[in-house]
Trainee: 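My structure is below; once you've seen it, I'll send some questions.
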Amino acid sequence: MAIVLGVAGFSGCGKTTLITAILPLLAARGLRVSVIKHSHHAIELDVPGKDSYRHRQAGASQVMMVTAQGYAVFADTPQQLDLAAQLALLAPCDLVLLEGQKWADVAKIEVYRPALGKPALYETDPRVIAVVSDEALTAACAVLDINQADQVAEFIAAWWQQQGKQA
């Protein structure tokens with residue numbers, strides 16, 4: 001079973017940029033990593049007028065698009081999937097990074113930029129195991145430099161390895 005680590009922070013703090021920087025570094029360490037990205041916005045994942053969209057509109061509960069390069073599954077749900085249901089849809093991997101879902105009951109690293117004027121999660125959320133920032137901070141958890149992706153990847157890999165030993 002994959003170990004789950006949240007990557008939390010307010011919009012515009014750099015979560016996606018950080019994740020895309022550390023993914024190849026984690027892969028180079030031999031980790032198979034998946035990402036679950038949460039959005040607060042209603043988005044249309046399929047394109048109106050396309051066959052897959054028409055199939056869903058006609059009543060298909062799921063539509064899978066398959067190409068030589070990959071696949072996508074479009075499915076409507078009556079409510080947002082909980083974390084267990086999200087994880088069940090993923091192929092086996094070593095680590096799942098949750099982008100967003102700052103309320104999730106999982107260990108997380110916070111991407112925090114004081115200049116954005118948003119509150120720091122690490123000050124009130126005991127599940128924050130590290131804060132990644134563009135400024136020097138004093139915190140009860142690890143503080144990592146947002147411009148040092150290798151440092152962040154090393155922290156995550158060491159944390160992942162420790163979690164595996166505890167399982």
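From a predicted model like this one, the values you see are computed outputs, not experimental measurements. Count residues from 1 along the sequence. Computation of the quantities below employed the complete heavy-atom set of this structure, encompassing side-chain atoms and omitting hydrogens, waters and symmetry-equivalent molecules.
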Trainee: Determine which pairs satisfy ring-ring contact (aromatic ring centres under 6.0 Å, His included) with at least one residue from residues 109-146, sequence neighbours left out, and list them in order.
Mentor: Y112-Y122
Trainee: If the test is side-chain contact (heavy atoms from CB on, under 4.5 Å), which one of L18, I22, V4 qualifies with L97?
Mentor: I22
Trainee: Could you tell me if the side chain of Q86 sits less than 4.5 Å from the side chain of Q101, heavy atoms only?
Mentor: yes
Trainee: Using the salt bridge (Lys or Arg N to Asp or Glu O under 4.0 Å) criterion, which residues pair with D145? Sequence neighbours excluded.
Mentor: none
Trainee: Specify the closest pair of heavy atoms between T124 and P126, including all atoms of both residues, with the distance to one decimal.
Mentor: O-CD, 3.4 Å
Trainee: List the atom of M65, the atom of S52, and the distance in Å for their closest heavy-atom pair.
Mentor: SD-CB, 3.5 Å
Trainee: On a heavy-atom basis, which atom in A2 and which in C93 lie closest, and how many Å separate them?
Mentor: CB-O, 3.5 Å
Trainee: Residues in side chain to side chain donor-acceptor pair (under 3.5 Å) with Q69, at least two apart?
Mentor: T67
Trainee: With sequence neighbours left out, what residues match N147 under side chain to side chain donor-acceptor pair (under 3.5 Å)?
Mentor: none
Trainee: Drop me the distance from W160's CH2 to L95's CG, to the nearest 0.5 angstrom.
Mentor: 8.0 Å
Trainee: Can you find a pair of side-chain heavy atoms, one from P114 and one from D134, that are under 4.5 Å apart?
Mentor: yes
Trainee: Mind listing the closest non-hydrogen atom pair of G9 and K102 along with its distance?
Mentor: O-NZ, 4.0 Å
Trainee: Supply the atom-to-atom distance I3 CD1 to Q161 CD, rounded to the nearest 0.5 angstrom.
Mentor: 10.0 Å
Trainee: With sequence neighbours excluded, give me every salt bridge (Lys or Arg N to Asp or Glu O under 4.0 Å) pair touching residues 23-34.
Mentor: R29-D150, R29-E154, R32-D94
Trainee: Do V106 and V131 sit in one hydrophobic cluster, given that two such residues count as connected whenever their side-chain heavy atoms are within less than 4.5 Å of each other, even indirectly?
Mentor: no
Trainee: Would you say the side chain of F10 lies within less than 4.5 Å of the side chain of L121, judging by non-hydrogen atoms?
Mentor: yes
Trainee: If every non-hydrogen atom of A104 is compared with every non-hydrogen atom of L98, which pair is closest and at what distance?
Mentor: CB-CD1, 4.2 Å
Trainee: Of all residues at least two apart in sequence or in a different chain, which pass the side chain to side chain donor-acceptor pair (under 3.5 Å) check with S34?
Mentor: none
Trainee: Roughly how far, to the nearest 0.5 Å, is CG of L5 from CD of Q163?
Mentor: 9.0 Å
Trainee: Is there a side-chain contact between V111 and T17, using heavy atoms and a 4.5 Å cut-off?
Mentor: no
Trainee: Working to the nearest 0.5 Å, report the span between CG of L144 and CD of E110.
Mentor: 12.0 Å
Trainee: Of all residues at least two apart in sequence or in a different chain, which pass the side-chain contact (heavy atoms from CB on, under 4.5 Å) check with E123?
Mentor: A120
Trainee: Should V7 and L31 be regarded as members of a common hydrophobic cluster, given that ILVMFWY residues are connected when their side-chain heavy atoms come within less than 4.5 Å of each other, either directly or indirectly?
Mentor: yes
Trainee: Once salt bridge (Lys or Arg N to Asp or Glu O under 4.0 Å) is applied, do any residues pair with K15, and if so which ones, sequence neighbours excluded?
Mentor: none
Trainee: Taking the hydrophobic residues Ile, Leu, Val, Met, Phe, Trp and Tyr, and joining any pair whose side-chain heavy atoms are under 4.5 Å apart, which ones share a cluster with L89?
Mentor: L81
Trainee: Examine L83 and V35 and state if one hydrophobic cluster contains both, with Ile, Leu, Val, Met, Phe, Trp and Tyr joined whenever side-chain heavy atoms are less than 4.5 Å apart.
Mentor: no
Trainee: Under a 4.5 Å side-chain heavy-atom rule over Ile, Leu, Val, Met, Phe, Trp and Tyr, are V73 and V66 clustered together?
Mentor: yes
Trainee: State which residues pass salt bridge (Lys or Arg N to Asp or Glu O under 4.0 Å) with D82; sequence neighbours excluded, sorted by chain then number.
Mentor: none
Trainee: Between CD of Q162 and CD1 of I129, what distance do you get to the nearest 0.5 Å?
Mentor: 11.0 Å
Trainee: Verify the cluster assignment for L25 and V33: are they in a single hydrophobic cluster under the rule of side-chain heavy atoms below 4.5 Å apart?
Mentor: no
Trainee: Hey, does F155 have a side-chain heavy atom less than 4.5 Å from the side chain of I109?
Mentor: yes
Trainee: Identify, with sequence neighbours excluded, every residue that meets salt bridge (Lys or Arg N to Asp or Glu O under 4.0 Å) alongside R127.
Mentor: D105, D125
Trainee: Rounded to the nearest 0.5 Å, what's the gap from CG on L90 to CD1 on I36? Could you check?
Mentor: 4.5 Å
Trainee: For W103 and K108, which heavy atoms make the closest approach, and how far apart are they?
Mentor: C-NZ, 4.3 Å
Trainee: Holding to side chain to side chain donor-acceptor pair (under 3.5 Å), I want the full list of residues that pass it with T16, two or more places apart in sequence or in another chain.
Mentor: E99
